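Data block below; observations after.
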Amino acid sequence: MPEAARSAINTACRGLPGPGFLLVERMSTKISIDARLRWPDVKDDYVLLFEGHSIGRVRLDGTNWVWSITIPMALPDWAEGTAASRDEALKTLAAAWGKLLAQTSPERLQRAWELENAFEARQQKLAAIEPDEAQP
């Protein structure tokens, strides 16, 4: 991503724990990534959302911030990494997400969202089953 586009990324996430947004320039279109705490009482683990879909995670692991794109499809090696700071990890993940969007067909991305929805529906169904009704 060009340096000018990098500087256009809004890291409103500095004020977290509330929701924050990253704006990424993608072929003259801006995309918005929402960063939220994964758990309310853990201040160093974030889930990232794009158009309501979970796309990644940024978390503190010792002294480094680990970031990864976590959508249900095969991903290139550059879809994860480490950074020295939370803001650097958020910016790097946002840049990788922009690159992935540019390289992924809308049909393939839609298939990933369908897999995500199927997984969530199954999880909800399993949670609704009483423990004594569950099959071994």
Side-chain angles (χ1 to χ4, degrees):
M1 174 179 281
E3 195 58 37
R6 265 185 192 272
S7 65
I9 297 174
N10 173 9
T11 54
C13 299
R14 283 191 173 99
L16 291 175
F21 296 92
L22 301 172
L23 296 177
V24 181
E25 196 166 325
R26 175 187 166 212
M27 293 190 228
S28 76
T29 303
K30 289 186 180 182
I31 59 173
S32 178
I33 298 174
D34 182 13
R36 298 185 182 182
L37 288 173
R38 188 171 175 137
W39 296 285
D41 58 337
V42 179
K43 306 299 182 205
D44 55 8
D45 196 343
Y46 300 88
V47 63
L48 284 88
L49 305 167
F50 173 72
E51 297 180 350
H53 300 281
S54 177
I55 62 158
R57 184 175 178 198
V58 171
R59 65 182 175 83
L60 185 61
D61 183 18
T63 59
N64 290 319
W65 285 86
V66 178
W67 63 270
S68 58
I69 295 173
T70 58
I71 62 173
M73 61 182 265
L75 296 167
D77 291 339
W78 50 260
E80 63 182 5
T82 61
S85 71
R86 182 193 68 196
D87 289 345
E88 182 185 340
L90 291 167
K91 287 178 184 179
T92 306
L93 184 141
W97 179 248
K99 183 177 179 179
L100 188 68
L101 285 178
Q103 295 180 1
T104 306
S105 71
E107 296 80 14
R108 180 61 190 101
L109 196 56
Q110 181 61 39
R111 178 66 180 136
W113 300 150
E114 290 168 1
L115 287 170
E116 175 190 56
N117 291 338
F119 175 77
E120 289 174 3
R122 180 166 171 75
Q123 292 298 101
Q124 289 175 358
K125 184 177 178 182
L126 290 173
I129 296 174
E130 294 296 324
D132 58 334
E133 296 176 27
Q135 299 289 324

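Quick caveat: nothing in here was measured; it's all calculated off a predicted structure.
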If two hydrophobic side chains count as joined below 4.5 Å and joins carry through other members, does [X] share a cluster with [Y]?
X: Leu90; Y: Leu75; value: yes
X: Tyr46; Y: Leu60; value: yes
X: Leu48; Y: Leu37; value: yes
X: Val58; Y: Leu101; value: yes
X: Ile69; Y: Leu115; value: no

(message) For residues 60-77, which residue pairs pass the side chain to side chain donor-acceptor pair (under 3.5 Å) check, not counting sequence neighbours?
(response)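 Residue pairs with at least one partner in residues 60-77: there are none.
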(request) Identify the heavy atoms of Ala112 and Pro72 that sit nearest to each other, and give their distance. (result)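 In this case the closest contact between Ala112 and Pro72 is O-CG, 3.2 Å.
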(message) Show the nearest heavy-atom pair for residues Gly56 and Leu93, with the distance to one decimal.
(response)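 Residues Gly56 and Leu93, closest heavy atoms: CA-CD1, 4.4 Å.
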(message) As an exercise, state the distance from CG of Asp34 to CD of Glu51, rounded to the nearest 0.5 Å.
(response)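 So the CG of Asp34 and the CD of Glu51 are separated by 12.0 Å.
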(request) Measure the CG-CD1 distance between Leu49 and Ile55 for me, rounded to the nearest 0.5 Å. (result)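 So the gap between those two atoms works out to 7.5 Å.
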(message) Holding to side-chain hydrogen bond (donor to acceptor under 3.5 Å, both in side chains), I want the full list of residues that pass it with Arg57, two or more places apart in sequence or in another chain.
(response)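 With sequence neighbours excluded, Arg57 shows a side-chain hydrogen bond (donor to acceptor under 3.5 Å, both in side chains) to Asp45, given in chain and number order.
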(message) Between Ile71 and Trp97, is there a side-chain heavy-atom distance shorter than 4.5 Å?
(response)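 A side-chain contact under 4.5 Å exists here.
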(request) Keeping to residues at least two apart or across chains, list the salt bridge (Lys or Arg N to Asp or Glu O under 4.0 Å) pairs with something in residues 101-117. (result)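 For residues 101-117, and leaving out neighbouring residues, the salt bridge (Lys or Arg N to Asp or Glu O under 4.0 Å) pairs sorted by first residue read Arg111-Glu114.
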(request) Over 60° means perpendicular and under 30° means parallel, so classify the ring planes of His53 and Trp113, tilted if in between. (result)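 Because their plane-to-plane angle is under 30°, the rings of Trp113 and His53 count as parallel.
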